[in-house]
Amino acid sequence: VVQFPGPSCIRLYAYEDDEDFVDEGFAEKKGKDKGKGITECKYKGTSSAELKTFGGQQMLSAEQTIPRRDLSVAFKTYKRQLSNYQRLQLANNYCKAAYLEVMSLAKEAGTWVRATPSLGNLDDLVNEFRTPPLPGRKMEVSVATAVIPDVLASEMAEMMTLSVSILDSNLWSKLLFPLVKHVEGSNVVGSLQYLSYADVSIKAAVQMYAELQLPTTLVPTRYFEFLRYGKEIMDGIYIIVDVSSRYSDPFAKRNSERRPSGVIIREHGPEDCEIIWIENVEVDETRENLYSTIIGSNLAYDAHRWVTTLLWNLKRDKSSFSDLKIDVHPGAGSFLLALTQAMKRFFMECVSQHPDEAALTVITSGEDPIRILHNKKLTEYISFVGVNSFRVQAKPLSVFQFLMKKDLQLEFRVFGGSETNEVHEEPELLFTFGADDKSNIISLHKRVTKEGIVYGLQEASMDEYCSFILSKTLTEDTVNAHIVCGNKSIYEDSKSRMANITPSGFAIMPDGPGGLHCDASLVTFLVQLYYDPLGNPVDVEFVRKDFLSDLNNIIRELNEKVVGEKMTGIEIIHLTQGKASCI
């Protein structure tokens, strides 16, 4: 059989308990002459109209079929039965080879893994994992180590496997959000469900679908499908192994391949654990845009960012109140964490390559650097969302500190009913709810206007790879229902409290190495735009101009107050049209 590189020649091992195993290169169907023992075959390993000559013989068109008894070219088909035991052995061998590959990558990186397991002759399968990618694709491989405080090794192993069960697939994405935008877990089927019989050290196996997204419309979403299984290597040492579904289902819905990757976990003292995180993926080559540098250098998705995101989420979950000027309900903390998480999910949905069509409709063209979306969930207003990314020649830390104040000004301006001179006044801070190291701070602010009291909720989260500043206004009824404690409290814990989670705000990433002290920043600005349904009709160009007005003012202020230079109107227009990449 002639071998073609890449997915078109992957060995297709039918893990599902189907009747037959068929070579991937051919699709067989029974002809009319079934009684005469004739079966038609059609080669489907090429997309060209006519195949070239091979061995002096004219090869078939991609769409032609002929009786097998007349097939004279050098190809041959075969059909053989696989018993359940053989299917299980194939699945087990792939899992063992993936385990060996992850351990080998950890050893080659100079971690505390000093030897690889002896699992027999798996060279063919390991070599398959190391096949060079096709043109237009690339490999991203990285390894990181870290100590995870207050989490036992067994608990970490459980969080990485059992937490992605079909019962609650969002727990794993919560640990790694916003890097992991969405994940779904499902029970394995076919022979895969019996893996623990072939290897008693395998504790759990889950089929996973995951979406990875940077906070910008300029970078396509990465879609993965892979098998994940957990294994106890020895007492107190575990490994979580991921391997792409391409080795069991080449037609799975994905644009990226998760080659053998995983996490190796061991105890570290009486209360902590130590991990080795291995990322090993095959993805499309980087498109040329503002984010090319951090993606091309593997800063955006490398193992260090996964570990940093995990640690940040664990710290966030342990947030506590300070600077309290009001009495808060005992359940307010969980509400604040859930609401701000939902706000960030909305932000990530707006920049996704394919936003949720049930809630959002993109009304600008794909070539437009400015994205305008219609928010169909809000009915009391005609609601739109504007999004754009731009580059600032300033350190991410300086940009973050400036935009924290600017973000609240924008939010109170939209809903506060404030006059122009009131917008620039500092609102009253009622409390902060944050992590011990201040890497994440949720704060509630109050402003008294001519129309009444308006509250502004803001979450400011910061790490070396990606920082967010998001805010939204809250009514006095919402604050009384979900946050405060006392005579005015009407606290309730219901799904309706998440009905309106539309935020405005910013995402900030470094444009290169250096983290928060990098010389330049990549900023994505998102703002809600509301219009009276009883007013004049609103078209996309009208909304776009409103968004451009806010965007240009922010870029101008960043340039003058953070960078220290003035920009002309022409420079700003060129920037927002994607004709320039630097302030």
Side-chain angles (χ1 to χ4, degrees), residues 7 10-18 21 24 82-108 113 115-131 141 156-158 160-166 172 183 185-210 224-234 237-250 252 254 257-265 275-282:
I10 296 168
R11 307 177 194 182
L12 176 58
Y13 293 130
Y15 290 163
E16 290 72 26
D17 292 331
D18 52 352
F21 171 80
E24 184 192 9
L82 285 180
S83 67
N84 290 337
Y85 175 76
Q86 288 173 313
R87 293 188 183 100
L88 179 57
Q89 285 299 105
L90 287 170
N92 187 46
N93 285 342
Y94 261 109
C95 288
K96 287 198 297 184
Y99 164 42
L100 176 61
E101 177 71 346
V102 172
M103 293 292 283
S104 298
L105 290 171
K107 181 175 179 289
E108 292 166 6
V113 172
T116 56
S118 298
L119 300 173
N121 187 0
L122 298 169
D123 291 349
D124 287 347
L125 298 182
V126 171
N127 289 338
E128 189 175 332
F129 294 147
R130 299 199 174 193
T131 302
V141 184
M156 177 59 65
E158 185 175 351
M160 297 296 292
T161 52
L162 299 181
S163 63
V164 293
S165 69
I166 193 171
W172 183 71
V183 67
S186 61
N187 294 326
V188 293
V189 296
S191 299
L192 287 175
Q193 61 188 309
Y194 304 112
L195 278 175
S196 59
Y197 295 161
D199 185 347
V200 294
S201 64
I202 292 179
K203 301 301 182 183
V206 184
Q207 195 70 33
M208 296 187 64
Y209 169 83
F224 292 88
E225 279 198 28
F226 55 94
L227 169 72
R228 165 169 291 180
Y229 72 91
K231 178 183 178 72
E232 186 173 9
I233 300 175
M234 61 180 65
I237 301 180
Y238 305 84
I239 185 169
I240 312 301
V241 180
D242 297 343
V243 60
S244 173
S245 295
R246 71 184 275 180
Y247 304 108
S248 59
D249 181 9
R254 64 193 187 279
E257 304 289 356
R258 196 158 176 78
R259 297 198 186 188
S261 305
V263 184
I264 306 169
I265 310 163
I275 65 171
I276 304 172
W277 196 291
I278 298 100
E279 283 297 301
N280 179 23
V281 298
E282 177 188 332

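All values derive from a computational prediction rather than experimental measurement.
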message: Would the distance check show the side chain of Asp242 and the main-chain N or O of Ser261 forming a donor-acceptor pair, the cut-off being under 3.5 Å?
response: no
task: Would you give the length of the straight line joining atom CD1 of Ile278 to atom CD1 of Ile240, rounded to the nearest 0.5 angstrom?
output: 11.0 Å
message: According to salt bridge (Lys or Arg N to Asp or Glu O under 4.0 Å), who are the partners of Arg259, at least two apart in sequence or on a separate chain?
response: Glu282
statement: Rounded to the nearest 0.5 Å, the CE atom of Met160 sits from the CH2 atom of Trp277 at a distance of 3.5 Å
- request: Report yes or no: does Asn127 contribute a side-chain atom to a donor-acceptor pair with the main-chain N or O of Asp123 at less than 3.5 Å?
  value: yes
message: Ignoring hydrogens, what is the shortest heavy-atom contact between Ala98 and Phe129? Give both atom names and the distance.
response: N-CE1, 3.4 Å
- prompt: Any ion pair linking Glu279 and Arg258 (charged N to carboxylate O, less than 4.0 Å)?
  reply: yes
side-chain contact (heavy atoms from CB on, under 4.5 Å) involving Val188 - partner list, sequence neighbours excluded: Leu192, Gln193, Ala205, Gln207, Leu227
field: Closest contact, heavy atoms only, Ile276 versus Ala106
entry: CG2-CB, 4.2 Å
message: Measuring from atom CG of Leu100 to atom OG1 of Thr116, what distance do you get when rounded to the nearest 0.5 angstrom?
response: 5.5 Å
Ala115 versus Met103, closest heavy-atom pair with distance: O-CE, 4.1 Å
message: Any non-hydrogen side-chain atom of Tyr94 less than 4.5 Å from a side-chain atom of Glu128?
response: yes
- request: Please answer whether the main-chain N or O of Ile202 pairs with a side-chain N or O of Tyr229 as donor and acceptor at a distance below 3.5 Å.
  value: no
message: With a 3.5 Å distance limit and no angle check, can you tell me whether Arg130 reaches the backbone of Glu101 through a side-chain donor-acceptor pair?
response: no
- request: Please report the closest heavy-atom contact between Leu122 and Asn93, naming both atoms and the distance.
  value: CD2-O, 4.1 Å
field: Closest heavy-atom pair and its distance - Val102, Pro260
entry: CG2-C, 3.7 Å
Pairwise distance OH(Tyr209) to CD(Glu225) - rounded to 0.5 angstrom: 7.5 Å
query: What closest approach, in Å, do Ala210 and Phe226 show between heavy atoms, and which atom pair accounts for it?
result: CB-CE2, 4.1 Å
task: Measure the shortest side-chain to side-chain distance between Lys231 and Cys95 over non-hydrogen atoms and say whether it is less than 4.5 angstrom.
output: no
message: Can you tell me how far apart CD1 (Ile265) and CD1 (Ile275) are? Round to the nearest 0.5 Å.
response: 7.0 Å
- prompt: Are Val183 and Met208 close enough that some pair of their side-chain heavy atoms sits under 4.5 Å apart?
  reply: yes
